[in-house]
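Some notes on the structure that comes next.
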Amino acid sequence: MIPVCVHTLVLSKPPHPSVLVLCPIEDYRPHRTCRIVPIWVGPAEARQLGTALEAAKFSRPMTHDLFIDALTNLDASVEEAAIVGQEGKTFFAKLVLKQGERRISLDARPSDAIALAVRQGANILMAEDVLDRASFPYIFKSEIDDEEEIGEFRKFVEGLSPEDFA
């Protein structure tokens with residue numbers, strides 16, 4: 001299993017799905033190419049993920065908050081969310097709970113498992129074969145990269161002469 005993090009959540013208005021973008025932690029460094037895994041989620045799932053990522057609090061508990069509160073009162077916690085399979089555009093996950101020495105693995109939608117893991121600061125993992133099949137290359141760019149490229153381009157242009165275009 002490969003540790004991954006949430007790179008971003010791209011929110012969209014219905015009927016279009018939102019996109020949860022995961023990235024292997026070992027790849028997640030600016031100024032380089034990494035692999036990303038997009039997971040399409042519905043509007044309700046995207047709201048729950050967004051709420052978890054922003055650590056938003058409401059006057060009344062949301063569904064995922066209620067689940068975490070129930071776990072806490074049962075002396076249990078979320079140990080990890082694991083993306084364990086993929087068929088077409090559908091991903092499969094396990095939510096792993098810990099209660100004392102007992103580990104409990106539950107079938108879950110990736111969006112729910114990740115929303116709960118984010119709320120508890122738990123690990124998010126992905127099976128290596130899923131990462132290999134579902135990932136795409138992504139190039140991180142930053143303002144520093146842009147400034148360096150612009151500087152190099154200026155040097156190139158300044159070195160040009162009319163004869164170079166003949």
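Note that the structure is predicted; figures quoted are calculated from it, not measured.
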Cationic N near anionic O, under 4.0 Å, Arg35 to Glu26: yes

Spacing of Ser111 atom OG and Arg47 atom CZ [to the nearest 0.5 Å]: 12.0 Å

Intermediate values then yes/no, side-chain contact (heavy atoms from CB on, under 4.5 Å), Met126 and Met1: CA-CA 5 Å; Met126 183 174 291; Met1 297 295 274; 5.9 Å; no

Trace of the side-chain contact (heavy atoms from CB on, under 4.5 Å) decision for Val96 with Lys98: CA-CA 7 Å; Val96 180; Lys98 185 166 183 159; over 6 Å; no

For the student: nearest non-hydrogen atoms of Cys23 and Cys34, plus distance: SG-SG, 3.4 Å

In one Ile/Leu/Val/Met/Phe/Trp/Tyr side-chain cluster, 4.5 Å: Leu97, Ile124: no

Check: Gln86 side chain, Gly88 main-chain N or O, donor-acceptor pair, under 3.5 Å: yes

Asp112 and Leu95: CA distance, side-chain angles, deciding distance, side-chain contact (heavy atoms from CB on, under 4.5 Å) verdict: CA-CA 9 Å; Asp112 289 331; Leu95 180 67; over 6 Å; no

Interatomic spacing from CG in Asp69 to NE2 in His64 - rounded to 0.5 Å: 14.5 Å

Within-4.5 Å side-chain heavy-atom neighbours: Phe91 and Val37: yes

Verify same cluster id: Phe136, Val10 (apolar side-chain graph, 4.5 Å): yes

More than 12 heavy atoms from other groups under 6.0 Å of CD on Gln99: yes

Separation between CG of Leu125 and CD1 of Ile25, rounded to the nearest 0.5 Å: 8.0 Å

Path from Phe92 to Leu22 over hydrophobic side-chain contacts below 4.5 Å: no

Minimum-distance pair of heavy atoms, taken over all atoms of Ala93 and Ile83: CB-CD1, 4.1 Å

Heavy-atom closest pair, residues Leu9 and Ala46: CD2-O, 3.5 Å

Separation of Lys57 NZ from Thr51 OG1 (nearest 0.5 Å): 10.5 Å

Heavy-atom check, side chain of Arg103 versus side chain of Glu80, under 4.5 Å: yes

Hphob cluster co-occupancy, Ile2 + Val6, side-chain heavy atoms under 4.5 angstrom: yes

Ser18 side-chain N/O to Val41 backbone N/O, donor-acceptor pair under 3.5 Å: no

Could you pull out all donor-acceptor pairs under 3.5 Å where a side-chain atom in residues 113-123 meets a protein atom, sequence neighbours excluded?
{"unit_1": "Arg119", "atom_1": "NE", "unit_2": "Asp65", "atom_2": "OD1", "d": "3.0"}
{"unit_1": "Arg119", "atom_1": "NH1", "unit_2": "Ala115", "atom_2": "O", "d": "3.4"}
{"unit_1": "Arg119", "atom_1": "NH2", "unit_2": "Gln48", "atom_2": "OE1", "d": "3.1"}
{"unit_1": "Gln120", "atom_1": "OE1", "unit_2": "Val78", "atom_2": "N", "d": "2.7"}

Listed partners of Pro17 passing side-chain contact (heavy atoms from CB on, under 4.5 Å), at least two apart: Trp40

Hphob cluster co-occupancy, Leu106 + Leu71, side-chain heavy atoms under 4.5 angstrom: yes

